[in-house]
Trainee: 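Structure in C-alpha cells, see below.
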There are 2 protein chains.
Amino acid sequence: MLVLTALLDRSYRFSELRREIGGVSEKMLAQTLQTLERDGFVHRNARPVIPPHVDYTVTDMGREAGERMRAMIQWVDDRMSAVVDARAAYDRVRAERDAATEAPPVARTR
Amino acid sequence: MLVLTALLDRSYRFSELRREIGGVSEKMLAQTLQTLERDGFVHRNARPVIPPHVDYTVTDMGREAGERMRAMIQWVDDRMSAVVDARAAYDRVRAERDAATEAPPVARTR
DNA sequence: CGGTATCCAAACCGATACTG
DNA sequence: CAGTATCGGTTTGGATACCG
C-alpha cells in the first residue's frame, strides 16, 4: 500500500523506506517487500558491498498499482470527514436508543 | 469489498447476499454490514414483519466506493496471471539456489 | 429470517536478539 | 546495513448455539 506509493517517486533503501513510511516494523517491511517482489510489483537491487546496499524500485506493474493506490488513498482521504460524520450520527442514534431501553424516561436531572 | 460491488446492481436481503458472495460466515457478513452502515456506505432497511425482512442498499457514497472497488477488482483480475507467473519464476529461482547450497553439484542422477 | 453471544484455534504483528 | 529467528500478546474469524 504505502510502500508502492512511496516508491512511485524514487527508489528507496530498506531503512530509508522504513523511516519514510513510519510506524512499520522491520519485520513487516521485510515481509511486505518480499511479497511485493515475489509477485512482481517491486524490484530488489542488492549491491554486494560492505555494508550491504539494497534499493527497491517499482516494476511497471508496480507503478500502475501504486498509481491506483495513490488515487484510492486520495479518495478515501477526501471522504474521511463524511465517514466520521456518518459514524457520529449512527453512534448518537444508537446511544439514544440504548439509553431509552435501559433507563425509561421518568425524570431528567435538572 | 464484494458486498459493495454486489449491491451496485440491486438491493439484497441478508441471506441472499450471503449466498451471492459465497464463503462468508454469518458473523463476518453481519459485522461487515454494520461497519458499512455505520460509516455511511450502506443503508439498512428493516421491515418489521414476521418473518423479518431486511434489505440493504448502497448510499451514494457507497455506490461511488463500489464502482471503484469493481474497477480495482477488474484490474487485479486482469493481472492475476502475470502475478502467478512472477511468483512461479521467483519460486523457481529460489528453489534452484536452495538446492545448490544444500546439495553441491557433485553428480546428478542419470 | 436475521441476527447475537460465546468459545477457541489460527494468523498476525511488534519487540527483541542475533547474523552475514 | 539489511535483514532472519523466535517469542508472546492481540486480533481475527469460523463453528456452534441461541434469540426476537
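In what follows, chains carry the letters A, B, and so on, assigned in the order in which the sequence lines appear, proteins first and then strands, with residues in each chain numbered from 1.
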Trainee: Base, sugar-phosphate, or nothing for B:Arg44, non-hydrogen atoms under 4.0 angstrom?
Mentor: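 Result for B:Arg44 = sugar-phosphate.
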Trainee: Check this for me, if you would: do A:Arg13 and A:Glu20 make a salt bridge, where the nitrogen-to-carboxylate-oxygen distance has to be below 4.0 angstrom?
Mentor: no
Trainee: Taking the nucleotide of DNA chain D with the nearest heavy atom to each, does A:Ala30 or A:Pro52 sit closer to the 5' end?
Mentor: A:Pro52
Trainee: Using a cut-off of 4.0 Å on non-hydrogen atoms, how would the nucleic acid contact of A:Glu16 be classed: base, sugar-phosphate, or nothing?
Mentor: nothing
Trainee: Just the rounded figure in Å: distance from P of D:dC19 to CD1 of B:Ile50.
Mentor: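 Rounded to whole Å, this separation is 17 Å.
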Trainee: Using only side-chain N and O atoms of A:Gln31, determine if any of them is under 4.0 Å from OP1 or OP2 of C:dC12.
Mentor: no
Trainee: Of the nucleotides C:dG3, D:dA15, D:dG3, which has the atom closest to the B:Lys27 side chain?
Mentor: D:dA15
Trainee: Taking atom C1' of C:dT4 as reference, at what distance in whole Å does atom CZ of A:Arg94 sit?
Mentor: 13 Å
Trainee: Round to the nearest Å and state the distance from B:Arg19 atom CZ to C:dG3 atom P.
Mentor: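 Going from CZ in B:Arg19 over to P in C:dG3 covers 13 Å.
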Trainee: How many whole angstroms separate atom CZ of A:Arg47 from atom C1' of D:dG3?
Mentor: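 Nearest whole value for this atom pair: 17 Å.
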Trainee: Could you state the CZ-P distance from B:Phe14 to C:dC1, rounded to the nearest angstrom?
Mentor: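 It is 12 Å, rounded to the nearest whole Å.
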Trainee: To the nearest 0.5 Å, how far apart are CD in B:Gln31 and CG in B:Leu36?
Mentor: 11.0 Å
Trainee: For C:dC1, take OP1 and OP2 only and decide whether either is under 4.0 Å from a side-chain N or O of B:Arg13.
Mentor: no
Trainee: For the pair made of CE in A:Met28 and P in D:dT4, what is the distance, rounded to whole Å?
Mentor: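 So the two atoms are 13 Å apart, to the nearest Å.
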Trainee: In this structure, how many angstroms lie between the P atom of C:dG2 and the CG atom of B:Asp55, rounded?
Mentor: 9 Å
Trainee: With respect to the phosphate group of D:dC1, does any side-chain polar atom (N or O) of A:Ser15 fall under 4.0 Å of OP1 or OP2?
Mentor: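 Answer is no, no contact under 4.0 Å.
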Trainee: Closer than 4.0 angstrom, basic N to acidic O: yes or no for A:Asp55 and A:Arg10?
Mentor: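 Here A:Asp55 does not pair with A:Arg10 in a salt bridge, since their nearest N and O are not under 4.0 Å apart.
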Trainee: Think B:Arg92 forms a cation-pi with B:Tyr90, using NZ or CZ under 6.0 Å from the six-ring centre and within 45 degrees of its axis?
Mentor: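 Geometry flag: not set, cation outside 6.0 Å or 45°.
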Trainee: OP1, OP2 of C:dG3 versus side-chain N and O of B:Tyr56: anything below 4.0 Å?
Mentor: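 So the side chain of B:Tyr56 is within the cut-off, an N or O lying under 4.0 Å from OP1 or OP2 of C:dG3.
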Trainee: Nearest 0.5 angstrom please: B:Arg68 CZ to A:Arg68 CZ, how far?
Mentor: 10.5 Å
Trainee: In whole Å, I'd like the distance from the CD atom of B:Glu26 to the P atom of C:dT4.
Mentor: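 Rounded to whole Å, this separation is 10 Å.
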